[in-house]
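The structure appears below as structure tokens.
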Amino acid sequence: MIANAWIIPLLPLLAAAVVALLGRRVTRLAGGLTASAVFFSLVISLKLLILLLANPRVNQMTWPWLQSAGQLALEAGLLVDPLSAMMLVIVSFVSLMIQVYSLGYMSDDPDRPRYFAYLSLFTFSMLGLVLANNLVLMYMFWELVGLCSYLLIGFWYQKPEAANAGKKAFIVTRFGDLGFLIGILLIGHLLNTFNIAELGQAVQAGKLTGGLATTVALLLFAGAVGKSAQFPLHIWLPDAMEGPTPVSALIHAATMVAAGVFMVARLFPLFTASPDALTVISYIGGGTAFLAATMACVQNDIKRILAYSTVSQLGYMMLALGCGGYTAGIFHLLTHGAFKALLFLAAGSVIHAVHTNRIWDMGGLGRTMKITSLVTLVGALALAGVFPFAGFFSKDAVLLAVAHSGRLDLLVIGLLTALITSFYIFRLFFTVFTQRPAAGKSGHESPLVMTLPMLLLALISTVLGFWAEPIQQFLGQSLGAAAAEAGHDRLIPLLAFIAACFGFGWAYLVYYQRAVSAALLARRFSWLYELLVNQYYIDAAYQWLVRRLLFAFSRVLAWFDRNVVDGAVNGVAWLCRQTGSLLRLVQVGRLSAYLLALVLGLLIMAVTVLLTQSAVLALP
Amino acid sequence: MTAWLPLLPEFIIVACLGAVLLADLLLPRDRSRRVLAGVALAGTLLALVAVAALPDGSFGGVYAADGVARLVKILVLAALGLVVLSAWTWDQTWKRPMGEFWFLLLSAGLGMMVLASGQELITLYIGLELATVPMVLLTAYCPADRKSAEGGLKFLILAAVGSGVLLFGLSLLYAAAGATRLADLAQALVGRSLEPMVVIGLLCVLVGLGFKVALVPFHLWVPDAYEGAPTPVTAFLSVASKTAGFVLALRLLAGAFAALSREWGMVLAVLAAATMTLGNFAAIPQTNLKRLLAYSSVAQAGYLIMGLVAGDTLGLSALLYYLAAYLPTNLAAFAVVIAIEQASGSTDLAAYAGLAQRSPRLGLVLMLALLSLAGIPPLAGFTAKFYLFTAVFGQGYVWLVVLAVLNSALSLYYYLRVIRAVYIQPPERLPATGVAVAWPLALVLTATLIGILLLGVFPGLVVESARQAVQHLL
Amino acid sequence: MLSLILAIPFAAALVIMFLPRERVTWPRWVALAGTLVGLAATLSVWFRFQLTQGFQFLETAPLLPSLGISYSLALDGMGLAMILLTAIIIFTGVLASWDHLERPQEFFAMLLVLVTGVFGVFMARDLFLFFLFYELAVLPMYLLIGIWGTGRKEYSAMKLTLYLLVGSALMLVGLLALYFSGEGRSFYLPDIAAKAFTPGFQKLFFPVLFLGFGTLAGFWPFHTWSPDGHASAPTAVSMLHAGVLMKLGAFGILRIGVELLPQGAQFWAPWLGLFTLVNIVYGSLVAMAQTDLKYVVAYSSVSHMGIVLLGICTLHPVALNGAVLQMFSHGIMTGLFFALVGMVYGRTHTRIIPDMGGLAKQMPFLAVAFTVGGLVSLGLPGFSGFVAELLVFMGAFRVHPVYAAIAVTGILFTAIYVLRVVQKIFFGPVRESFHGLTDANGVEKTCLAILMLVMLGVGVYPASLLRVINLTVEPLTALLRSLP
Amino acid sequence: MGALSLEHYLVVSSLLFGLGLFGVITRRHAVALLLSVELIMLAVALNFTAAACFLGHAAGQVFAIFVITVAAAEAAVGLAVVIAIYRTQQDADLDRLTVLKG
Amino acid sequence: MTATAVGFYLLSAVAVAAAVMLVASRNVWHAVLALAVVSLAVAGLMLTVSAEFLAFVLVLVYVGAVVVLAVFAILLTGNFGRSALPSSNELTVLAGLTSLALTALVAGVLLSRPAATAAAAGQFTVRQLGELLLGPFVLPFELVSVLLLAALIGAIVIARGQED
């Protein structure tokens, strides 16, 4: 059975290929086709998971891919272990939910085949990434994931913003990929293998230590920073909202952003070789969590709020990983995948109903969209980390890991972030669902094909937490004995819960009770508000870098190429023509000049030869 | 009687001269006078057959029918035949008596044949004059055309001064060596390369040769004479005269003055460099195709003389092969020039605009000829250049080869300008029905085209016999 | 068999020249037939090729024995890969020129003559023959660009031709030096390879050969002929030129430079490698600033050829494999690009990027193909470009980690300009002026599909090509390793 | 001043030769120029004759005969061309003969 | 100093002086006359080496043919009035310097040469020369007649001009 794992990614790929080739001829069937492919993938993944639950061990299977002189043999191989099995399930499950949901959400779009082909390809890439047994293969799927995000974010290519956002996503993540690629090359150079299992062994054997280990780890982490939208490469994710909402759900929950976290987890042994690198990871994670959460507080676009929320939550995961909380990080990834998909689908449902993204244009939708508001509430509670929802357990695990590592500053940041998280998500919830309805935006409930996936996800978001311990234990087996188990603590969950309550209360006061005017707050802390609204001016800084620096530099180079490098060539040509015109003057047309030249030539020749001869004779 | 057998080709030409003269007197003055051209052609072909068929031989030790002579005579006679064909219909264009024209052409050819075979200074000198004087007269053959007369006069005076300087040099060498046979000269001059009088004599000879083969700075007559002369004459001048000049240089320098090879080698290397460079540069701004080809032939002389600079078997056989390759190439170009001149009355580059669209075959021939001149494969000029450069490189003249290959690239610039007019520019002045080509000219075009391709792809046809001939010589 | 491959396009060219002038559609059919048969012959060689090192299908006949020149053709792995590339590109090139312009007779004839030269270079086992075909491949360019080009075509054509011939002049000097060095006078490559060139000689002449060939490979700073040339050339010629001709340069560096003068290569490679970095980064940065679509592609070629040259300059087996693979991959990719540019231009009549937009709506197929080309260009896994670049980087990393790290940044810049171009041309709102434009027709689709499938095939299963290329790289590596 | 040697003759003829060269460069009258050419030929003829006598080698004198003959032929041809030019241009000034140049 | 030597120096002086006149005179008639004088002087020089036949031929051809031809040419070009063309052009100085340098070089080389041959060794009879001309040099002898014929025919056809 495990040997058949390759079928899991292949099914969506085949579906994508079929749909892409048939195109408009299967407009109606496209969604069904791809969804069923993913469904079968999910079934196989589940069987795999069950098998591994019974017998948790690391399985590999490989096929030769290319051989080159110089002792290089690359292979295509699969690595099936608890981590990948878990990820397979979550990826295929979330994908399935989203595809089913999309059947309804995209039912009017004439470009559905393309859409579903992309979605399916996305799923394939992510499944492949999860299964890859070596860094090169992983990088390949990693890039494919990036490609799919590009295609899907820019799905409505006629919208300039969408096209731009897709491009931005691809390029920004590619910036991180650069580090990833260099890291991979460096690993290949240092350890002479790309196989993940062998790498782990090599690292444990102490073949990679010190500064080199840190360099490698940080380069690899650069890839994760890009993909998982960590500071300072997080800027693409909010813009990625220009894609269709289910795509956002997919990107945020199960595929794109998860890839970075997954990669760090997958290569965790490498990272553990460098405590410095782990420290960097944890601080970047923590910083990202906090900054993104604050930015989420001032967004007006429902999807952007969720996007910043994702960035923030990914920061949590990184924070956990950086503090050694391997299982905590992955577990948070799982729960987050469920509830963030849920939140996005719900947001999509709302947008589908009211055709706007601005939360201030919504309001009171709780009355007309009961299911949606209910599942949103579930998602919000999970996100805020309220017992007994899944988020509570995973966030708890993260904070525990942080506390366990002894970094109090990060713990404080984590708790603060929890508070802010709770605030912004309820700000959203109250504004959209409880306030007076905005004029003409009454909304209606979405069809079953959309609500059913939401309900399923809500269910999982609610109950997943209860299996926190076994899942974490199961995941830990991927690392073998190395998994550090965080101890139990009563204080941390309590603190987190209190922080969540504070956030909730604050949001309640401001956006439900309206006891405190949001506008007043914005005016009082205008500098802070400006800072947050402008995303700490990070985007602007990038704009400046790219526009003013890179493009200007490229124009300077183009000028240089045209006028200096090519100018030299044209100069030579000009010189030749001028020489020709000049030499032409020698031919004055006068016989006497010709004869003079003849005689002069003879004279010069005679003098030169005789002088040369005597000079040669004079030599000793 | 058999002693005279090696002279059979020359006798055929002399007989042909008589026949032309006689027929010219007897025939009425109308178009039937084209029979004269037929006579000239027949004589040439007959001589060609004789040259090819006769075995090696010599006449009184002053005249040798050896391999080099055979090869060069074949070239000269081939050129002669092709030029006769090219000038076949020119009686209409020129409105000049043709009998004398054929006579002069044939006698020039005779002189060149003598240059190819002469083994002795006096014979060579007479051959040189016989090859030059009729050419001067042919250049000035249409004195009503100012250019023709002016070109002729310039050619004449420079030729006379050139041969005067050559003679002065020969007289000094004669005074030093006391011999007129090349073999005796060679022996007498061994070990005397440091004698100043010998050196002066040698340099005077080099000036005379330089004039004949158009080396800078003795080339100045070339553009004017080439442009002024009637085009078939230019064609003959550029091919046969050059060939004869080079074989003279070969006989004198590599034969008689072999002992002075260090001196003339050094001088010729510098002259070669100057010649190819100046020729190419000066060709760039030209707008008249005849003049452009004149400068191009100056540049070609610069390449050719490198064969002598190399001086070994490889170099001299390369020289001969290059001459062989140069013949169809340049004649093809001039044949097209003739066709256009007959059609439009102009040799300006502007007259060639759009030729490829009006007359694709003419355009193709001109393009291939020019590309062969530039040394582009798989044409004759390429293989010849490659062979030549290889030979020169082998003698250690790396700088000269570098210069020569750069010059080849540069020369492509102006050749391409012509090709641009022919292929890229839209037709302007050419008749929409295409350029009419009379059958003799068509024959020339075909033959030269075949020659260009054949010599390029199967260099062995000429190279082997050239090699054997040169080996025999050295 | 190899002579046949050589003869087929040439014969087709001859046939085309003798077709009646008024039959304007006949030349393209003859050209198509010729290239198809050529492709078939190439494939038959491909399948009969035995996976062993060394040269196969040797054909030899004396041409000029006194000089040691022979007509010798043979193929090894690298040559095989290259003739396959050539056969594919010319076939698709004819398809891309299907609805052609005036004077089709001359166009196809010259195109086929050019291809004859290209085939010849890849198969030549004699230096003379090599040089002959090399120049034969360069020259028809002048007319092809001059007559059927666009923009500053005459200037570009002249510049390209002269530039490349100056390059070949240098090359000739190097070739003659090889011929005359040591004992024995032969142009037959194995004879030359058997000579033991002194280290001094190798150090002196390797850069000469490298620069001579490098000019054609777009080596910085001798690359400026290529943007103008590519931009002015008609579609099929751009395809051939960027796709195949530039590879001749890299091929020559490997076959003549590195194989014959390994010590010289070893001595100079680090320094030349520095310039190739300029190629990669500078090329992509300059591409970023271009507004003419063809110039973008042309500068991207400069950048990608930089990767090939970097691979060669590392002299590491993995990178050498990557370099040859990149030659193939870039050939196909850039062929695809230029075909697309031609097709888009044929519809919109502009190549200025800001003047286009939203074309994906009218031309979905072209948009997809262009995106695929762009993705290959930026090194997306799953396509051939990725494998090639990865191998080059891997090899480079073992030798010059810093070079490799700098070179990798090039692919980021590539991503930036490629995506920018794709977006500006195909995405965004549909423009009024482009209403009524059509998507690719059947012929065009065939052409593009072939190219895309090849890239995909090689990308997914690179061993198909790499095991062939390896056959050349392995002995070369052994040679390099045996050096002091 | 010893007995006459070959060199004496050679020097004299070299003077004539040099003057002839000077003449061909500077003379503008076509006929005068041709006469200067004849001067050069005279110098050559003298050289050959003297050398033949001093070397006891008769071929030099034969050479001189040919030189003189050819010189006459050249003169005839030259004068014919001059006359032809005069017909079209009514001028014998060589320095104004510059249709062909560049 | 023998009579021959005296004759040599005298004739040399005359020849050189006349040659100077030839190249320097403003009047073309003077130049023609100068050429005749130079020819005669050179013929005299030839006599000093006992080359009587050569001297005879020289006078015959130069004075008898070349000078006459020149006279005809001057007459035919109707240049009586303008025969006094500026004798020289602005290249005179340069030409003078060059020719002078060249002459000095050649003469210097010749003068510095060890006088290898002290006395006239050979005197050749007309018969000897005739045998040579019809023996080893029969070929150039024949050819020169072709040359003369060609020159004659060509000169006529060109000088006659374009009648129609």
Side-chain angles (χ1 to χ4, degrees), chain B residues 313-314 317-318 321 356-357 360-361 363-364 367 371 374-379 382-383 385-387 389-396 398-399 401-417 419-420 422-425 456-464 466-468 471, chain C residues 10 17 21 62-69 71 102-103 105-106 109-110 113 116-117 120 127-129 131-140 142-149 153-154 157-159 161-173 175-177 179-180 185 187 208 212:
Chain B
T313 315
L314 205 57
S317 58
Y321 176 50
Q357 288 174 67
R361 299 211 171 88
L364 185 69
M367 176 173 77
L371 291 181
I376 300 299
L379 308 171
F382 167 78
T383 320
K385 265 203 180 115
F386 190 91
Y387 192 37
F389 293 170
T390 304
V392 179
F393 198 100
Q395 291 301 306
V398 178
W399 65 272
V401 173
V402 171
L403 195 69
V405 288
L406 287 179
N407 258 303
S408 306
L410 177 68
S411 72
L412 198 62
Y413 177 64
Y414 57 83
Y415 293 129
L416 284 183
R417 269 184 50 231
I419 294 174
R420 168 173 155 258
V422 171
Y423 271 87
I424 300 177
Q425 288 181 337
V457 179
F458 302 107
L461 293 177
V462 176
V463 166
E464 287 313 315
R467 248 180 107 78
Q468 280 162 16
Q471 248 161 2
Chain C
F10 196 73
M17 273 197 272
R21 276 180 97 188
L63 198 62
L64 198 51
S66 56
L67 222 52
I69 292 176
Y71 170 84
E102 73 256 50
R103 299 163 79 181
Q105 217 171 342
E106 285 154 302
M110 271 183 242
V113 168
T116 311
L127 274 184
F128 169 82
L129 220 56
F131 186 69
L132 183 149
F133 285 124
Y134 189 91
E135 296 227 324
L136 185 64
V138 169
L139 211 90
Y142 175 75
L143 288 177
L144 285 169
I145 296 175
I147 299 177
W148 294 276
K153 55 183 186 178
E154 292 179 18
M158 184 66 87
K159 178 155 113 182
T161 317
L162 290 186
Y163 216 131
L164 296 186
L165 284 177
V166 169
S168 81
L170 266 183
M171 214 174 93
L172 177 64
V173 172
L175 299 189
L176 290 180
Y179 175 72
F180 280 108
R185 297 285 172 262
F187 280 107
V208 172

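Letters A, B, ... are given to chains in the order of the sequence lines, protein chains preceding strands, and every chain is numbered from 1. All values below come from the heavy atoms of this structure, side chains included, with hydrogens, waters and symmetry mates left out.
The candidate with the highest count of non-hydrogen atom pairs below 4.5 Å against chain B, out of C:Thr161, C:Leu175, C:Ile147, C:Leu63, is C:Ile147. Comparing B:Gly394, B:Ala356, B:Gly460 by heavy-atom pairs within less than 4.5 Å of chain C, the highest count is held by B:Gly394.
Remark: B:Tyr413 OH to C:Leu162 CG distance equals 8.0 Å, nearest 0.5 Å. Rounding to the nearest 0.5 angstrom, the gap separating the CG atom in C:Leu136 from the CG atom in B:Leu371 is 10.5 Å. The CG atom of B:Leu412 sits 5.5 Å away from the CG atom of C:Leu165 when rounded to the nearest 0.5 Å. For the atom pair CD of C:Glu106 and CE of B:Met367, the computed distance is 8.5 Å after rounding to the nearest 0.5 Å. Atom-to-atom distance recorded for B:Ile376:CD1 and C:Tyr142:OH is 12.5 Å, nearest 0.5 angstrom.
Heavy atoms of C:Ala177 lying under 4.5 Å from chain B belong to its backbone as well as its side chain. With a threshold of 4.5 angstrom between heavy atoms, B:Gln357 approaches chain C through its backbone and through its side chain. Using a 4.5 Å cut-off between heavy atoms, B:Leu314 touches chain C through its side chain atoms alone. Looking at B:Arg420, both its backbone and its side chain come within 4.5 Å of chain C, counting heavy atoms on both sides. Contacts of C:Glu154 with chain B are made by side-chain atoms alone, with heavy-atom separations under 4.5 Å and no backbone atom involved. Only the side chain of C:Leu139 comes within contact range of chain B, with at least one heavy atom under 4.5 Å from a heavy atom of that chain. With a 4.5 Å cut-off on non-hydrogen atoms, C:Leu67 touches chain B through its side chain but not through its backbone. Heavy atoms of C:Ile69 lying under 4.5 Å from chain B belong exclusively to its side chain.
Residue-level contacts of residues 166-173 of chain C with chain B, in order of numbering, are C:Val166, C:Ala169, C:Leu172, C:Val173; threshold 4.5 Å between heavy atoms.
At distances below 3.5 Å, not a single donor-acceptor pair connects side-chain atoms of C:Tyr179 with backbone N or O atoms of B:Thr390.
Shown here is C:Arg185, whose CZ atom has more than 12 heavy atoms of other residues, nucleotides or ligands within 6.0 Å. By the neighbour-count criterion of 12 heavy atoms within 6.0 Å, atom CZ of C:Phe180 is densely surrounded, having more than that number from other residues, nucleotides or ligands.
Annotation: side chain of C:Ser66 is in contact with side chain of B:Tyr387 (closest heavy-atom distance under 4.5 Å). No side-chain heavy atom of B:Val457 sits under 4.5 Å from any side-chain heavy atom of C:Tyr71. You'll find the side chain of B:Phe386 stays beyond 4.5 Å of the side chain of C:Leu132, heavy atoms only. Taking the side chain as every heavy atom from C-beta outward, C:Gln105 and B:Pro360 never approach each other to under 4.5 Å. Contact of the B:Tyr423 side chain with the C:Arg103 side chain is registered, since non-hydrogen atoms from C-beta on lie closer than 4.5 Å.
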| said: Let's go through C:Leu176 and B:Val401 carefully: what are the C-alpha distance in whole Å and the side-chain angles of both, what is the deciding distance for side-chain contact (heavy atoms from CB on, under 4.5 Å) to 0.1 Å, and is it a yes or a no? | reply: CA-CA 10 Å; C:Leu176 290 180; B:Val401 173; 4.0 Å; yes
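With ring centers used as reference points, C:Phe128 lies under 6.0 Å from B:Phe382.
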